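What follows is a short report on a single structure.
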Amino acid sequence: MSPSKTPAETLEVDGHEVRITSPDRVVFPGPGLTKLDIVRYYLAVADGALRGAGGRPMVLKRFVKGIDQEAFFQKRVPENHPDFIGTATLHYARGTEAEETVVRDAAGLAWVANLGCLDLNPHPVRAEDLDHPDELRVDLDPMPGVDWSQIVDVAFIARDVLEEYGLTGWPKTSGSRGLHILVRIAPHWDFRQVRLAAETLAREVENRAPGLATARWWKEERGESVFVDFNQNAKDRTVASAYSIRPLPDARVSTPLAWDEVRTRRPEEFTVATVLERFADIGDPHRGIDDAPGTLDGLLRLADELGPAEKPPRGPDGSGRRASTMPLIEIARTKTKPEALELLERWKAEHPEVEGMLHPADVLVDGMRGSSSLWYRVRVNLQHVPEAERPEQGALLADYDPWA
C-alpha cells in the first residue's frame, strides 16, 4: 500500500454499508475538506439533497483527479453498483440510450460522493415517468460585467411572471455566479412543451426588463444582461441540484433560499461549513416544494399569443447554418479552461489596442460539452472596435478536437 493512501472506511447508513475509499484524501485544500468530509456533509443535508435529486436519474459528474482538473461525465451506472442504487434507462434525443443512476436515500448520496461526485446532476423527471418532467428550471446566468443586484432584480421579475401564470418559484443559488428558480409542475407535459413554456417565460421576462434580462440564445448578442437560460429544460440537460457542492476553491454550495433572503444574501456566503450550520439551524427552505405542483397551461397560452421566437439569419453558403450578426473572431479551442484563459491573455497581449476597447461581455470563454467532458472555445466580439481596426480571423492559437 502506498504510504499516502489511507485504508478504506465503511459507514453504516440507514441499514446499508457504504465503503469510502481514500477517506483522508484532501478534496478542497483551502478549507481542508477530505473525501470523508464530503460524504458526511451529504449525509447531514440528505433530507434537502434528496428533495432535489432523489428518485431522479442523474449523470455522474466525477472529479476523480481533484477540483483543479476537468470532471468527466458518466451517464451509465457503474456495473458493480450496490442494490440500494436504482437505475432508469433514458433514451436521448440523438437516438442513444443509457442506464443511469437513481439515488433514493442517504446511502445512495454517500455512494455517489465516494465516486468523486461533488455536485449532483439529476434530470427533471422521476424514474417512474421519464417522458414528462415534473420540474421547470429557470437558470439566471449573468454575463460578464453583471453584478448580483441585477440578477436579483431579474429573479423577482421572473417570480412575478410565474405567479401571474399560476406557478410558484423556489430560488436557490447556483453555487457559482447565478441563481436558479425551481418550479414544480404536474407531470402532464412532454419535454418539448416544458421547454417552450420556459422559453416563453424567458421572453416575457425580457419584455418586462429590456436591457436587464435577455432570452437571446446566442451569447454574443446578450450584452451585459442576465440570460434566462430556457434550454436547461431540453431533454438531455441536467443542472446542479439543491445542496450540491461546486468545484470552487471555497467549497461553495448551491443553496436553497427563501425569497426574503434573495436580496440580502450572497452566493459566497454558502459553503460546506456554513451550510452545515444553516441546515442544522433552519432545515431546508424548500421543504414545501412538492406540496402544490402547478400547471403550464397559462405559459403555453402566452406562447401562442407571443408567436414563434425570432429566428436568426442563415449564412449565404446554402448550408442552412445560422449566421452571426456580430463581428466575431475565434481565438482557440482547448481541452482545459486554464489553457483557454492563458491563450486569451496571450491574444490580448498581441492586440493591446483592441483589448482596451472590449467590454466585459465581448470576451466569450465557453465550456462546450464533449463526449465525456467539457472543452473550451475562446471567441472575441469586436462590436465595440472600429471596423478599420478589427483584427482579421487568424489561425487558432490551439485547435483541440474533443471528438478525436
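For clarity, every value in this text was computed on a predicted model and none was experimentally measured. By convention here, the first residue in the shown sequence is residue 1.
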Review point. Does Arg62 make a cation-pi contact with Phe72, if we ask for NZ or CZ under 6.0 Å from the ring centre and within 45° of the axis?
Key: no

Donor-acceptor contact below 3.5 Å, side chain [X] vs main chain [Y]:
X: His81; Y: Val77; answer: no
X: Asp304; Y: Arg301; answer: no
X: Glu100; Y: Leu90; answer: no
X: Asp119; Y: Arg246; answer: no
X: Arg287; Y: Gly48; answer: no
X: Asp362; Y: His359; answer: yes
X: Asp366; Y: Met368; answer: no
X: Ser254; Y: Thr173; answer: yes
X: Ser22; Y: Arg25; answer: no
X: Glu261; Y: Ala258; answer: yes

Practice item. Show the numbers, then the answer: is there a side chain to side chain contact (heavy atoms under 4.5 Å, CB included) between Arg377 and Glu330? Key: CA-CA 8 Å; Arg377 180 180 62 182; Glu330 189 171 4; 3.4 Å; yes

Check your understanding: Should Phe270 and Arg278 be marked as a side chain to side chain contact (heavy atoms under 4.5 Å, CB included) after you check the CA-CA gap, both sets of side-chain angles, and the distance that decides it?
Key -> CA-CA 9 Å; Phe270 302 109; Arg278 172 182 168 88; 4.0 Å; yes

How long is the straight-line distance from [atom2] of [Y] back to [atom1] of [X], given to the nearest 0.5 Å?
X: Asn231; Y: Arg237; atom1: CG; atom2: CZ; answer: 5.0 Å
X: Leu396; Y: Leu343; atom1: CG; atom2: CG; answer: 10.0 Å
X: Ile185; Y: Leu296; atom1: CD1; atom2: CG; answer: 4.5 Å
X: Leu248; Y: Phe28; atom1: CG; atom2: CZ; answer: 7.5 Å
X: His286; Y: Asp47; atom1: NE2; atom2: CG; answer: 13.0 Å
X: Leu115; Y: Leu60; atom1: CG; atom2: CG; answer: 6.5 Å

Which pair of non-hydrogen atoms, one from [X] and one from [Y], has the smallest distance, and what is that distance?
X: Leu358; Y: Val385; value: CD2-CG2, 4.2 Å
X: Val363; Y: Pro144; value: O-CG, 4.5 Å
X: Ala107; Y: Val13; value: N-CG1, 3.5 Å
X: Ser225; Y: Thr214; value: OG-CG2, 3.0 Å
X: Arg177; Y: Pro142; value: NH1-O, 3.1 Å
X: Ala49; Y: Tyr42; value: CB-CD2, 4.4 Å

Exercise for review: Evaluate the criterion side chain to side chain contact (heavy atoms under 4.5 Å, CB included) for residue pair Thr21 and Asn114; output intermediate values, then yes/no.
Suggested key: CA-CA 7 Å; Thr21 58; Asn114 179 63; 3.3 Å; yes

So, are [X] and [Y] salt-bridged, with charged N and O less than 4.0 Å apart?
X: Arg184; Y: Asp290; answer: yes
X: Arg208; Y: Glu204; answer: yes
X: Glu269; Y: Arg266; answer: no
X: Arg40; Y: Glu9; answer: yes
X: Arg104; Y: Glu128; answer: yes
X: Arg56; Y: Asp134; answer: yes
X: Arg263; Y: Asp153; answer: yes

Review point. Which is it for Asp105 and His16 under the side chain to side chain contact (heavy atoms under 4.5 Å, CB included) test, yes or no, and what are the steps along the way?
Key: CA-CA 10 Å; Asp105 53 25; His16 302 294; 3.8 Å; yes

Review point. Do the ring centers of Phe279 and Tyr243 come within less than 6.0 Å of each other?
Key: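 Judged by ring-centre distance (under 6.0 Å), Phe279 and Tyr243 do meet the cut-off.
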
Review point. So, for Phe156 and Trp259, is the gap between ring centers shorter than 6.0 Å?
Key: yes

Min side-chain heavy-atom separation [X]-[Y] under 4.5 Å:
X: Trp111; Y: Thr101; value: yes
X: Pro327; Y: Asn381; value: yes
X: Val125; Y: Pro57; value: yes
X: Leu382; Y: Met357; value: no
X: Leu182; Y: Glu135; value: yes
X: Glu220; Y: Leu364; value: yes
X: Val275; Y: Tyr41; value: yes
X: Tyr400; Y: Thr336; value: no

Practice item. Go through Glu345 and Lys348 one step at a time and tell me if the salt bridge (charged side-chain N to carboxylate O under 4.0 Å, His left out) criterion holds. Key: CA-CA 5 Å; Glu345 292 306 313; Lys348 287 180 178 179; 3.6 Å; yes

Exercise for review: Using a cut-off of 6.0 Å, state whether more than 12 heavy atoms not belonging to Glu268 lie near its atom CD.
Suggested key: yes

Just checking, any donor-acceptor pair under 3.5 angstrom between side chains of [X] and [Y]?
X: Glu99; Y: Thr87; result: yes
X: Asp139; Y: Gln232; result: yes
X: Lys75; Y: Thr96; result: no
X: Thr255; Y: Lys172; result: no

Check your understanding: Checking salt bridge (charged side-chain N to carboxylate O under 4.0 Å, His left out) for the pair Arg346/Glu342: CA distance, chi angles, key distance, verdict?
Key -> CA-CA 6 Å; Arg346 175 175 148 189; Glu342 179 183 346; over 6 Å; no

